[in-house]
J.: 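Following this message is one structure expressed as C-alpha cells.
Chain letters run A, B, ... following the sequence lines, proteins first, then strands; residues in each count from 1. Fair warning: this is a prediction, and the values are worked out from it, not measured in the lab.
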There are 2 protein chains.
Amino acid sequence: MPRTVETLPAPDRVAPEEPEGRSAPRAAGPVPSPRRAELVNAAARLFSERGYHGTSMQHLGRALGLQRGSLYAHIGSKEDLLFDVVDGGADRFLSMARRAASSGGPAAVRLRALLVGHVNTAAQHLDAATVFLNEWRYLSPTPRAEIQAKRDLYEGLVRRIISDGIASGEFSPGVDAAMAGRLVLSAGNWIYTWYRPDGAMSAAAIGMELSDLILDGLTKEGPP
Amino acid sequence: MPRTVETLPAPDRVAPEEPEGRSAPRAAGPVPSPRRAELVNAAARLFSERGYHGTSMQHLGRALGLQRGSLYAHIGSKEDLLFDVVDGGADRFLSMARRAASSGGPAAVRLRALLVGHVNTAAQHLDAATVFLNEWRYLSPTPRAEIQAKRDLYEGLVRRIISDGIASGEFSPGVDAAMAGRLVLSAGNWIYTWYRPDGAMSAAAIGMELSDLILDGLTKEGPP
DNA sequence: GGTCTCCTAACAAACGGTCGTTTGGCCCAG
DNA sequence: CTGGGCCAAACGACCGTTTGTTAGGAGACC
C-alpha cells in the first residue's frame, strides 16, 4: 500500500466540468462538420505518431478513405489541421487548470488537483497532448504566438498556486516558485512519453503519486 | 540566499572525465573526417530547430556551403546523420550517469550528481540533447532498438540509485522507485524545452535546485 | 624536376517519386 | 436544380539519392 492516498485529501473531482453561460447559443463560428472532426482526430493520431512533417496529406486521406485532394473540401491547409489539434489540446489543459486553480482551499490541494487533472487530460487525449507538446513549434509565427500565450497562461496558473502556498506558509519559504513550477510542468509534460493506457497504473493514480513526491519536497523544511 | 547549497554536499565534480585505457591506440573504426564532424554538428542544430523530417539535404548542404548531392561523399544516408546525432547524445548521457552512479557515497549524493550532470550535459550539447529526446523515434527499427537499449540502461541507473536509497533507509520506505525515477527523468528531460544558455541561471544551479526539490520529497517522512 | 596515376571532394544534372494544393467535372441528397 | 462532397488529374516545387565528370593534391617512378 503506497502512502500516496494518505498524505493529502484527494481533489475528488475539481468542478462539474463547466456549465458556463455560453452553452445554448453557441454564438460564433460555423458548426464543425462531423467529417472535419474526423479529420482532426485522424490528424491528432497521425501527427503524434509520425510528426507533422512526417505526415502527408496522402496519409491523412487514406485514414478517412479519401483522396488527398478531397480533404481540401474541409480544410484550408495542412497547417489548419495542426492548429486545430494543438489549440484543442491547449484549451483542454487550460480549462482544466483554471478549474483547479480557482477551486479554493489550501495551495497543496489546488496543486494536486492541477497535476492530477493534467495527467488525466493527457491520458484521455494522448494524441492531442503529444502533438500539443511536440509539434506546436512548427506552426507559423502568428498561430504559434496564440498557442504560446495559452502556454504562458498555464504556467502562470501553476506558479501562482505555488506562490500562494509560500505566502500562506504552507510551503517552505526557501522554495523557488519558478523552479518548482517547472518541476510540476516537467512531471506533467513528460508523461506522454511513457504513459500507455494499458499500463499498470491509472492516470489518476500516477497523478496522485507524482503529487505526493512533489508536495513533500515543497512542504519539507530544510535540515536544521 | 536559497537554501539550495545547504541541504546536501555538492557533487563537486563527479569524476575526472575518464582517462580509460583506450586512449592512444584508438583501435577500431576509421578516423572520422573533420568534414563529417562538421556535418553531424550542422545536423544536430538543424534537426533540433526544424525536426528531422523538416530538414532537407538542401538545408544541410547550405549549412556547409555544399550542394546537397555532395554530402553523400561523407554519409550513406540522411538517417545516418540522425543516428550519429542521437547516438552521440545517448553516449554522453550514459557515460555521465555511469560516473555518477558508481561514485560511491550516499544515494542522495549520487542522485544529485546524476541530475546535475544531466542538466549540465543537456546544456552543453543542447542541440544534440534535443534531437536525442525528440527525434530518435524516427529512426528505423534496428538503430532505434540500439538507442532504446541505452535509454533503458540510463533509466536503470537512476532507478538503482533510488532503490539503494530506500534499502539503506536514506529515502522514505513508501517511495515508489519507478515513479520517483520517472520524476527525475522528467525534470531532466524537459530541461531542453526551456533552458537557454543566456538565461539567468547556470545549468549547474538549475541542477542543484531541482535536486533539492526532489531529494526533499524523497527523504521526507509522510505526515503523522 | 617532370609527369603519370591515383584519390578525394566537390559540382551539375538527372532520377523517380512525393509534396501540398488547385481545378474541373460528376453525382446525389436536399 | 442547387450545392456540398468527392474523384481524377494536373500543377510546380521539392524530396533523397545516384551518376558522370572535374579540379586539385599526393606520391611514385623515370
Side-chain angles (χ1 to χ4, degrees), chain A residues 29-87 131 134-144, chain B residues 29-86 131 135-144:
Chain A
V31 175
S33 74
R35 210 79 173 122
R36 161 139 193 166
E38 271 183 78
L39 185 44
V40 173
N41 278 345
R45 186 172 52 82
L46 285 167
F47 290 170
S48 81
E49 280 171 13
R50 321 177 49 102
Y52 175 63
H53 291 302
T55 303
S56 70
M57 299 304 290
Q58 195 105 250
H59 293 130
L60 288 161
R62 203 175 307 140
L64 297 243
L66 295 181
Q67 300 290 346
R68 65 190 196 278
S70 309
L71 303 176
Y72 288 83
H74 307 283
I75 58 167
S77 73
K78 189 189 176 189
E79 192 181 356
D80 287 359
L81 282 174
L82 178 58
F83 182 80
D84 275 20
V85 174
V86 169
D87 194 53
V131 175
N134 261 338
E135 313 289 328
W136 74 288
R137 61 203 179 104
Y138 301 125
L139 288 166
S140 44
T142 309
R144 188 172 61 234
Chain B
V31 175
S33 76
R35 212 76 172 122
R36 161 138 192 166
E38 270 184 77
L39 186 43
V40 174
N41 278 346
R45 186 171 52 83
L46 286 167
F47 290 170
S48 82
E49 280 172 12
R50 324 177 47 103
Y52 175 64
H53 291 301
T55 303
S56 70
M57 298 305 289
Q58 194 105 247
H59 293 129
L60 288 161
R62 204 176 305 138
L64 298 240
L66 295 182
Q67 300 289 345
R68 65 191 197 280
S70 309
L71 303 176
Y72 287 84
H74 307 282
I75 58 168
S77 72
K78 189 188 175 190
E79 192 181 357
D80 287 359
L81 282 175
L82 178 58
F83 181 80
D84 275 20
V85 174
V86 168
V131 175
E135 313 290 328
W136 74 289
R137 61 202 180 106
Y138 300 124
L139 288 166
S140 44
T142 308
R144 187 172 62 235

J.: Quick one: A/F47 CZ to C/dG20 C1', roughly how many Å, whole number?
T.: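 Value for this atom pair: 12 Å.
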
J.: So do B/R144 and B/Y138 actually touch side chain to side chain, heavy atoms under 4.5 Å?
T.: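 The answer is no, as the side chains (C-beta and beyond) never meet within the 4.5 Å cut-off.
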
J.: Between P on D/dT19 and CD on B/Q67, what's the gap in Å once rounded to a whole number?
T.: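 Going from CD in B/Q67 over to P in D/dT19 covers 18 Å.
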
J.: Check whether any side-chain nitrogen or oxygen of B/S70 sits under 4.0 Å from OP1 or OP2 of C/dA9, and answer yes or no.
T.: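 For B/S70, the contact criterion (side-chain N or O under 4.0 Å from OP1 or OP2 of C/dA9) is not met.
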
J.: Describe the nucleic acid contact of A/S56 in one word from base, sugar-phosphate, nothing, applying a heavy-atom distance below 4.0 Å.
T.: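 Result for A/S56 = sugar-phosphate.
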
J.: Would A/R68 and A/L60 count as a side chain to side chain contact (heavy atoms under 4.5 Å, CB included) if you check the C-alpha gap in whole Å, the side-chain angles of each, and the deciding distance to 0.1 Å?
T.: CA-CA 7 Å; A/R68 65 190 196 278; A/L60 288 161; over 6 Å; no

J.: Quick check: on DNA chain D, is the nucleotide nearest A/A73 upstream (toward 5') of the one nearest A/G69, or the reverse? Name the residue that is more 5'.
T.: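 The answer here is A/A73.
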
J.: Please list, in numerical order, the residues of residues 58-65 of chain B that have a heavy atom closer than 4.0 Å to any atom of DNA chain C.
T.: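 Close to the strand are B/G65.
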
J.: Can you work out whether A/T55 or B/L66 has the more 5'-proximal nearest nucleotide on DNA chain C?
T.: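 The residue mapped nearer the 5' terminus is B/L66.
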
J.: List for me each residue that meets side-chain hydrogen bond (donor to acceptor under 3.5 Å, both in side chains) alongside B/Q67, sequence neighbours excluded, and say none if there are none.
T.: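 Scan of B/Q67 (side-chain hydrogen bond (donor to acceptor under 3.5 Å, both in side chains), adjacent residues dropped) gives none.
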
J.: If you take all heavy atoms of A/L46 and A/A63, which pair is closest and at what distance?
T.: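 For A/L46 versus A/A63, the nearest heavy atoms are CD1-CB, 4.1 Å.
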
J.: Could you give the CZ-to-P distance, from B/R68 to C/dC11, as a whole number of Å?
T.: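 Going from B/R68 (CZ) to C/dC11 (P), I get 12 Å.
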
J.: Quiz question: going by heavy-atom distance under 3.5 Å, is there a donor-acceptor pair between the base of D/dG5 and the side chain of A/R35?
T.: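 A donor-acceptor contact between them is absent.
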
J.: Over how many whole Å does the gap from B/E38 atom CD to C/dA9 atom C1' extend?
T.: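 Roughly 13 Å, once rounded to whole Å.
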
J.: Identify which nucleotide among D/dC6, D/dT17, C/dA10 has an atom closest to any side-chain atom of B/S77, counting heavy atoms from C-beta outward.
T.: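 So the side chain of B/S77 is nearest to D/dT17.
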
J.: Within 45° of the ring axis of A/F83 and under 6.0 Å from its six-membered ring centre, is that where the NZ or CZ of A/K78 lies?
T.: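 So A/K78 doesn't make the cation-pi contact.
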
J.: Checking B/N41 now: which residues fulfil side-chain hydrogen bond (donor to acceptor under 3.5 Å, both in side chains) with it, not counting sequence neighbours?
T.: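 Checked B/N41 against side-chain hydrogen bond (donor to acceptor under 3.5 Å, both in side chains); zero matches.
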
J.: Starting from C1' on D/dA9, measure out to OH on A/Y72 and report it in whole angstrom.
T.: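 It works out to 16 Å between those atoms.
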
J.: When the distance from CG of B/D80 to C1' of D/dT17 is rounded to whole Å, what number comes out?
T.: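 Spelled out: CG on B/D80 to C1' on D/dT17 is 13 Å.
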
J.: Within the pair B/H53 and D/dC15, is there a side-chain N or O less than 4.0 Å away from OP1 or OP2?
T.: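 No, no such contact exists.
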
J.: For B/M57 and D/dT18, what is the distance between atoms CE and P respectively, to the nearest whole Å?
T.: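 Those two atoms, CE and P, are 10 Å apart.
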
J.: Once you round it to whole Å, what is the distance between P of D/dG16 and CD of B/E79?
T.: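 Nearest whole value for this atom pair: 13 Å.
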
J.: Assess whether side chain to side chain contact (heavy atoms under 4.5 Å, CB included) is satisfied between A/R45 and A/T55, documenting all intermediate values.
T.: CA-CA 10 Å; A/R45 186 172 52 82; A/T55 303; over 6 Å; no

